[in-house]
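Quantities reported herein were computed from a predicted structural model and do not represent experimental measurements. Labels below follow one simple rule: chain letters A, B, ... track the order of the sequence lines, proteins then strands, and each chain is numbered from 1.
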Amino acid sequence: MPIDGFDARNKKKIHQKDEYMKRTKIKQALNASSPVDEIVIKGWVRTKRDNKGFSFLELNDGSCLMNIQAVIDHTPEIVAALERIGTGAAVAVSGELVASPGKGQQWEVRGKTLEVIGEADQETFPLQKKRHSDEFLRGIAHLRPRTNKYGAIFRIRSELAQAVHKFFADKDFFYIHTPIITGSDCEGAGEMFRVTSLGAGSQEPADNDFFGKPSALTVSGQLSIEMFSLSLGDCYSFGPTFRAENSNTPRHVAEFWMIEPEIAFADLADDMDLGEEMIKYLITHILDNCAEDVELFAKFVDKTLMPTLENIQKEPFKRLPYTEAIEILKKTKKEFEYPVEWGMDLQTEHERFLCEEQFKKPVFVYDYPKTIKPFYMRMNDDNKTVAAMDCLVPRIGELIGGSQREERMDVLTARMAEMNLSEEEYWWYLDSRRYGSAPHAGFGMGFERMLMLVTGVTNIRDVMPFPRTPKSLEF
RNA sequence: UCCCCAGUAGCUCAGUUGGCAGAGCGGGUGACUGUUAAUCACUAGGUCCGCGGUUCAAGUCCGUGCUGGGGAGCCA
């Protein structure tokens, strides 16, 4: 049977090859070095311009930002097809690729045949040949990737994800798939979405639920990745993360992707080195590999994008102990809504002042008071601060949050006791400190926030295919 | 969750002191032999977010709900 199945597939493939010419992606066609006698382009019509005797079609297939122009002479068949075609229709054009006599493009397709693959009713198709507001496009998230801007965002998003893996692979990190469903009730990074297989409104105890205990969607893979860092060495996880916080800001969503490296035999300085190197690498990679798409954002979305990115690329990041940050904030003439004093968490206005006005570049603030940080961060010798760090970036705010982890069993359990956490719940986490414990550190980077930084897009909902936010789950 | 702002044609928005619902773009029809968000002419298109109230009269004023945006908190 498996042999038959293989043969059947193989035959079908050959059959298809005989019958249809394979389509050429527009990106490839536009990069041609010489004319092509026979070419098939399949894509969506961006605009149709009719003249007496012939028409222009601009086609986009998503492979790149640019459209390809097809010129088609009118025949009765072509006119019949053209009448069914408007902005948004899916079509196939076959013909030859020739140097364009018109201005504005190097190549164009001189079309011989035109096939309507899918019509788009002009009365109801919502995308028009003009600029739409981001707010409007959020309401048609299923169609917005057909626009220039959103096509560019999602091509860059794909490339950025690949770059993350390449960065770590080149450094011999291992990619670990940490679980999405978790039983740790107290990962401590925010409100969690409950997972259950019991019926809606069920009063049954968690003992009767699928896992026999309460379960939820992960808010962080950190505790899991630590176990692998203390086994395979340098590791990272990169996957979806869920927060049930009722946050309504342009920087928060309920479902997002987080990159969480964890490095073994490493301290907080190593952790900051890694974060800085990674941010610089990702920016360089996108500038090198998505130049055309990035240019769109530099032109139309954020005029300061290129200088901002170049500045991040070449300037060493500022590293600032929390205590010094407080002194700077106290000394400055600028007035803040929230009064500044040692022991408080930095407010958005303080973070923005530090990276946008004081230093004008990314800033690592580190060694925060222990009272505002979770139990697993390593206690410093002053017994007042922990080895935590946040990387603050102009316009985005917190792009990275991380720490050196507390590897000393006695200090860790003392901290847990202080914070009323049960050792039993964390038995497996504590085992890593009980057996062969070693210094290690890591951080979480918001993938979408990185994407916002690279594109200049100011709302996180616009860099996600289908964003999940409070009261919004249409798509 | 709190504070502020907005909701009028498919889209972007104007609408004066409460007095007949408007523009540009898009759509449709026609013209044009190389266009570039083509151009030109003509044309259709409205639950003024929902509910309640004030008033002779409400898109406009008041109350309330919903949705969206900005800011804050939480954080990535």
Pairs: protein N or O with nucleotides 1-3 of chain B N or O, under 3.5 Å:
{"unit_1": "B:U1", "atom_1": "OP1", "unit_2": "A:N246", "atom_2": "ND2", "d": "2.7"}
{"unit_1": "B:U1", "atom_1": "O4", "unit_2": "A:N246", "atom_2": "O", "d": "3.3"}
{"unit_1": "B:U1", "atom_1": "O4", "unit_2": "A:N248", "atom_2": "ND2", "d": "2.9"}

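- With a cut-off of 3.5 Å on both pairing distances, the Watson-Crick or G-U wobble partner of B:G30 is B:C40.
- When each of A:E406, A:Q404, A:Q222, A:R405 is paired with A:Y376, the side-chain hydrogen bond (donor to acceptor under 3.5 Å, both in side chains) condition holds for A:Q222 and for no other.
- In this entry the distance linking NZ of A:K373 with C1' of B:C75 reads 9 Å, nearest Å.
- A:M377 places its CE atom 10 Å from the P atom of B:C75, with the value rounded to the nearest Å.
- With sequence neighbours excluded, the residues that form a side-chain contact (heavy atoms from CB on, under 4.5 Å) with A:E276 are A:K280, A:P316, A:F317, A:R319, A:F364.
- Remark: P of B:G71 and CD of A:Q347 are 16 Å apart, rounded to the nearest angstrom.
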A correct 5'-to-3' footprint of nucleotides 29-34 of chain B, with B, S and - meaning base, sugar-phosphate only and no protein heavy atom under 4.0 Å, is ---BSB
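- We find that CG of A:L127 is positioned 15 Å from C1' of B:C25, with the value rounded to whole Å.
- Pairing partner, B:U1: B:A72, with both Watson-Crick or wobble hydrogen-bond distances short of 3.5 Å.
- Contacts between residues 147-168 of chain A and RNA chain B, counted as heavy-atom distances below 4.0 Å, involve no residue at all.
- Comparing the same atom, P, in B:A23 and in B:G15 gives a spacing of 15 Å after rounding to whole Å.
- A 6.0 Å sphere centred on NZ of A:K373 holds more than 12 heavy atoms belonging to other residues, nucleotides or ligands.
- A:H350 has its NE2 atom 12 Å from the P atom of B:C74, to the nearest Å.
- Taking the six-membered ring for Trp and the full ring otherwise, A:F238 and A:F173 have centroids separated by 6.0 Å or more.
- Take the nearest nucleotide of RNA chain B for A:R352 and for A:T469: the residue whose nucleotide is more 5' is A:T469.
- In A:D37, the CG atom is not crowded: 12 or fewer heavy atoms of neighbouring residues, nucleotides or ligands sit closer than 6.0 Å.
- Between A:D61 and the choices A:K42, A:K25, A:R23, the salt bridge (Lys or Arg N to Asp or Glu O under 4.0 Å) rule is met once, by A:R23.
- Considering only residues two or more places apart in sequence or on other chains, A:F443 meets the ring pair (Phe, Tyr, Trp, His ring centres under 6.0 Å) condition with none of them.
- One P atom belongs to B:C74, the other to B:U17, and the distance between them is 43 Å to the nearest Å.
- Using a 4.0 Å heavy-atom cutoff across all strands shown, A:I396 reaches no nucleic acid atom at all.
- Ion pairing between A:D462 and A:K149 fails under the 4.0 Å rule for side-chain N and carboxylate O.
- A residue-by-residue look at A:K103 and A:V253 shows that A:K103 has its nearest nucleotide of RNA chain B further toward the 5' end.
- Comparing B:G18 with B:G59, their C1' atoms are spaced 10 Å from each other, to the whole Å.
- Remark: A:T75 engages A:E77, A:I78 in a side-chain contact (heavy atoms from CB on, under 4.5 Å) (not counting sequence neighbours).
- Residue A:L399 is classed as a sugar-phosphate contact, given heavy-atom separations below 4.0 Å to backbone atoms only.
- The gap from the P atom of B:C42 to that of B:G24 amounts to 11 Å, rounded to the nearest Å.
- Look at CG on A:L392: it is 12 Å from C1' on B:C75, rounded to the nearest Å.
- Remark: A:T124 pairs with A:D121 by the side-chain contact (heavy atoms from CB on, under 4.5 Å) rule, at least two apart or across chains.
- Remark: B:G24 base-pairs with B:C11. Criterion, Watson-Crick or G-U wobble with two distances under 3.5 Å.
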Does A:D367 form a side-chain hydrogen bond (donor to acceptor under 3.5 Å, both in side chains) with A:N380? I'd like the steps, not just the answer. CA-CA 8 Å; A:D367 288 347; A:N380 287 322; 3.0 Å; yes
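- Between A:K129 atom NZ and B:G24 atom P there is a gap of 18 Å when expressed in whole angstrom units.
- Using a 4.0 Å heavy-atom criterion, one finds that A:M445 contacts no nucleic acid atom at all.
- For the pair A:H252 NE2 and B:A72 P, the interatomic distance rounds to 11 Å; values are reported in whole Å.
- Salt bridge annotation for A:E356-A:R395: absent, with no cationic side-chain nitrogen under 4.0 angstrom from a carboxylate oxygen.
- Ion pair A:R352/A:E349 not flagged as a salt bridge, since none of the NZ, NE, NH1 or NH2 atoms sits closer than 4.0 Å to an Asp/Glu carboxylate oxygen.
- The gap from the P atom of B:G68 to that of B:U55 amounts to 35 Å, rounded to the nearest Å.
- Comparing B:G27 with B:A9, their C1' atoms sit 11 Å apart, to the nearest whole Å.
- Base pairing analysis places B:A6 opposite B:U67; the two distances defining the Watson-Crick or G-U wobble pair are each below 3.5 Å.
- Between B:U1 and B:G10, the distance separating the two P atoms is 32 Å to the nearest Å.
- Contacts with RNA chain B (heavy atom under 4.0 Å) in residues 267-280 of chain A: none are found.
- A search for side-chain contact (heavy atoms from CB on, under 4.5 Å) contacts involving A:P470 returns A:N246, A:N248, not counting sequence neighbours.
- Within the 4.0 angstrom heavy-atom criterion, only backbone atoms of the sugar-phosphate kind lie near A:Y338; the bases stay farther away.
- Under a cut-off of 6.0 angstrom, the local environment of CH2 in A:W44 is sparse, with at most 12 non-hydrogen atoms contributed by other residues, nucleotides or ligands.
- Using atom P as the reference point in both B:C13 and B:G7, the two lie 10 Å apart (nearest Å).
- Within the structure, side chain to side chain donor-acceptor pair (under 3.5 Å) contacts touching residues 87-98 of chain A (residues at least two apart or in different chains) are A:S94-A:T113.
- Classified by interplanar angle (parallel below 30°, tilted 30° to 60°, perpendicular above 60°), the ring pair A:F136/A:H132 is tilted.
- Looking at A:F174, A:F167, A:F168 one by one, the single match for ring-ring contact (aromatic ring centres under 6.0 Å, His included) with A:Y236 turns out to be A:F168.
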Counting primed atoms plus P, OP1 and OP2 as sugar-phosphate and everything else as base, spell out the protein contacts along nucleotides 5-11 of chain B at 4.0 Å heavy-atom distance: B, S or - for each nucleotide, 5' to 3'. -----BB
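- The side-chain hydrogen bond (donor to acceptor under 3.5 Å, both in side chains) search around A:T284 returns A:Q313, not counting sequence neighbours.
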